[in-house]
Amino acid sequence: MIIFSTHHYLTWDMFFSGILLPFMSAMVFTAIVHPFIVKIAKERDLVDNPDARKLQKKPVPVLGGMAVFWGIVVGAGFTSIFFHSNALFTCIVAMTVMLFIGSGDDMIGVSPIVRLFLEVLVIAFIVYMDGTNMNHFHGLFGIEKLPVYVSLPLTAIAGCGIINSINMIDGVDGLSSGFCVMACLVFGTFFMLAFDGTMSVMSCLAAGALIPFFVHNVFGKKSKMFIGDGGSTMMGMLMVIFCLHIIDNDSMVAESFTNMGVVAFCLSVLSVPVFDTLRVMTGRIAKGISPFKADKSHLHHLFIEMGFSHIGTSVAVITLDFINIMIWLFVYYVLEWGPTKQFAIVVLVGLLNTCGFYYIVRRLNPEHKAYRCLQAVAKVSHQETWKWWLFVRKYVDKW
């Protein structure tokens with residue numbers, strides 16, 4: 001039973017069981033389990049050690065994904081008392097497998113080829129179980145339904161791209177978790193407005209579970225954890241599931257919003273991770289090195305080099321992404337442009353926000369007025385020694 005499907009307006013029962021309950025329960029359960037997982041990670045030496053490429057100075061526990069996963073799963077179980085949908089089972093299974101794969105990479109290392117192969121298998125599982133895939137362009141370039149021999153490879157390629165783009169932005173405190181909170185809230189809003197109860201519940205579970213982790217990751221010292229490859233790939237898979245449900249032929253979102261460019265919408269929400277990852281991988285290939293070889297060429301590294309704090313970098317990157325979402329919403333809702341024009345604008349803004357911004361700033365003279373303005377903003381972003389920050393840290397570490 002999907003409780004939203006029989007209504008055309010938001011009732012209190014729908015709000016409670018489909019939005020408030022999953023959000024609050026996941027948040028509470030993550031907050032409860034977080035300190036226990038920190039303790040286990042430290043006792044078992046499951047930490048991310050600093051090196052020349054990484055930005056932290058001390059070993060940091062790397063099991064944050066476990067805490068987020070616990071909040072989502074237990075929150076889903078608690079919510080199921082009031083809400084039931086088979087699609088939640090598919091989400092949980094897919095996230096479990098991705099958490100296992102990513103955690104394995106954190107602990108013993110997994111080759112990129114093996115990871116890609118396993119990611120494709122999990123995506124295939126979702127397509128088979130939910131019957132959703134990227135099989136409809138909903139008017140983009142005048143294209144409607146796609147043949148199976150096009151839609152299935154497209155789903156696999158796009159899905160792996162999304163998973164790895166979310167994984168690759170996990171470079172500074174609060175970035176991947178903060179970004180995914182924003183993405184879940186944006187996707188969840190449209191799922192709710194389209195009365196897609198299952199995906200609305202899932203987005204609320206994920207957003208709620210991520211918030212306590214985000215707080216500890218940003219403000220904590222003793223309680224700090226990284227989300228790790230396990231958590232970032234798990235959240236990347238969830239973003240894939242959201243996109244499949246939005247772009248699918250039977251998408252409730254596409255049916256609810258006339259002339260909406262659903263491909264453009266999904267791309268706008270994921271624009272900075274996707275375009276930054278494409279830029280980084282293209283640059284690595286051009287240099288004759290593996291596109292999966294880690295380096296310091298991501299957008300967040302640029303902000304760090306300019307002097308931004310971790311939280312300042314996260315806010316800056318997430319803001320760039322949010323700008324693209326707002327521009328998409330403006331051209332869709334206010335200008336009423338069609339799906340193809342929406343897509344063109346999203347791609348243009350995405351390229352400017354990532355490739356354009358990165359290469360322009362890289363070529364600026366440090367004495368240039370624009371660069372000095374950015375450095376001035378960077379100085380303001382450093383709040384770590386301020387009284388309010390230390391006050392929050394004190395109570396977060398006691399939490």
Side-chain angles (χ1 to χ4, degrees), residues 65 68-69 72-73 76 85-105 110-138 140 145-170 176 179-180 183-184 187 191 196 198-199 202-203 205-206 227-254 262-263 265-267 269-271 273-274 277-278 281 291-292:
V68 175
F69 177 76
I72 292 174
V73 172
S85 172
N86 292 332
L88 285 180
F89 170 78
T90 307
C91 293
I92 298 300
V93 171
M95 293 172 66
T96 303
V97 176
M98 293 310 301
L99 178 67
F100 179 80
I101 295 169
S103 297
D105 198 13
V110 179
S111 75
I113 299 300
V114 172
R115 275 185 54 165
L116 283 174
F117 175 72
L118 294 173
E119 288 166 7
V120 171
L121 287 182
V122 178
I123 292 170
F125 168 77
I126 295 166
V127 171
Y128 176 78
M129 293 294 294
D130 284 358
T132 59
N133 66 88
M134 297 181 182
N135 56 12
H136 207 293
F137 271 12
H138 302 277
L140 174 63
K145 188 71 181 284
L146 295 172
V148 173
Y149 61 83
V150 173
S151 65
L152 292 183
L154 176 63
T155 300
I157 294 169
C160 289
I162 291 170
I163 293 168
N164 288 284
S165 69
I166 298 298
N167 182 39
M168 286 185 176
I169 66 167
D170 183 29
S176 64
F179 174 85
C180 287
C184 287
F187 282 134
F191 286 132
D196 187 338
T198 300
M199 291 297 103
M202 197 67 239
S203 59
L205 285 168
I227 199 166
D229 281 357
S232 60
T233 54
M234 175 183 73
M235 294 311 301
M237 181 57 72
L238 188 58
M239 297 301 113
V240 173
I241 293 171
F242 290 158
C243 290
L244 293 183
H245 278 264
I246 292 171
I247 299 175
D248 185 71
N249 179 52
D250 296 321
S251 165
M252 296 178 70
V253 173
V262 290
V263 177
F265 167 59
C266 291
L267 187 57
V269 176
L270 304 173
S271 60
V274 167
T277 297
L278 288 173
M281 286 192 162
F292 300 104

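Just so we're clear, the structure is a prediction, and the values are computed from it rather than from any experiment.
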> Who passes side chain to side chain contact (heavy atoms under 4.5 Å, CB included) against Leu118, sequence neighbours left out?
Ile101, Val114, Leu121
> For residues 150-162, pull every pair meeting salt bridge (Lys or Arg N to Asp or Glu O under 4.0 Å), keeping only residues two or more places apart or in separate chains.
none
> Step by step, work out the side-chain contact (heavy atoms from CB on, under 4.5 Å) result for Met129 and Phe89.
CA-CA 9 Å; Met129 293 294 294; Phe89 170 78; 4.2 Å; yes
> Going from CG on Asp248 to CG on Asp130, what distance comes out if it is rounded to the nearest 0.5 angstrom?
9.5 Å
> In Å, rounded to the nearest 0.5 Å, how long is the span from CG of Leu270 to CZ of Phe242?
10.5 Å
> If you take all heavy atoms of Cys160 and Val120, which pair is closest and at what distance?
SG-CG2, 3.6 Å
> State which residues pass side chain to side chain donor-acceptor pair (under 3.5 Å) with Ser176; sequence neighbours excluded, sorted by chain then number.
Asp170
> Does Phe100 CZ have over 12 foreign heavy atoms under 6.0 Å away?
no
> Under the rule for ring pair (Phe, Tyr, Trp, His ring centres under 6.0 Å), what residues qualify as partners of Phe265, not counting sequence neighbours?
Phe187, Phe190, Trp328
> With sequence neighbours excluded, what pairs up with Asn249 under the side chain to side chain contact (heavy atoms under 4.5 Å, CB included) test?
Asn135, His136, Lys145
> Any idea which heavy atoms bring Leu116 and Phe292 closest together, and the distance?
CD1-CZ, 3.7 Å
> What's the separation between atom CD1 in Ile241 and atom CD1 in Ile246, rounded to the nearest 0.5 Å?
12.0 Å
> To the closest 0.5 Å, what do you measure between OG1 (Thr233) and CD (Glu119)?
7.0 Å
> Side chain to side chain contact (heavy atoms under 4.5 Å, CB included) with Thr155: which residues, sequence neighbours excluded?
Ile123, Val127, Asn133, Met134, Leu244
> Which heavy atom of Gly159 sits nearest to which heavy atom of Val240, and what is that distance?
O-CG2, 3.4 Å
> Using the test side chain to side chain contact (heavy atoms under 4.5 Å, CB included), find all partners of Pro291 that sit at least two apart in sequence or belong to another chain.
Met281, Ile285
> Checking Cys184 against Met202 for the side-chain contact (heavy atoms from CB on, under 4.5 Å) test, could you report, in this order, the C-alpha distance in whole Å, the side-chain angles of both residues, the deciding distance, and whether it holds?
CA-CA 9 Å; Cys184 287; Met202 197 67 239; over 6 Å; no
> Hey, could you give me the CE/CD1 distance between Met237 and Ile162, rounded to the nearest 0.5 Å?
10.0 Å
> How long is the straight-line distance from CG of Leu88 back to CD1 of Ile72, given to the nearest 0.5 Å?
11.0 Å
> Between the main-chain N or O of His245 and the side-chain N or O of Thr132, is there a donor-acceptor pair closer than 3.5 Å?
no
> Shortest non-hydrogen contact from Ile92 to Phe69?
O-CE1, 4.4 Å
> How close do Cys180 and Ile166 get, counting heavy atoms only, and between which atoms?
SG-CG2, 4.0 Å
> Just wondering, more than 12 heavy atoms not from Phe125 lying within 6.0 Å of its CZ?
yes
> Measure across Ile126 and Ala94 and return the closest heavy-atom pair with its distance rounded to 0.1 Å.
CD1-CB, 3.8 Å
> Using side chain to side chain donor-acceptor pair (under 3.5 Å) as the criterion, list what pairs up with Ser232, not counting sequence neighbours.
Asn167
> Can you tell me which residue pairs pass the side-chain hydrogen bond (donor to acceptor under 3.5 Å, both in side chains) test with a partner in residues 92-105, sequence neighbours excluded?
Asp105-Arg115
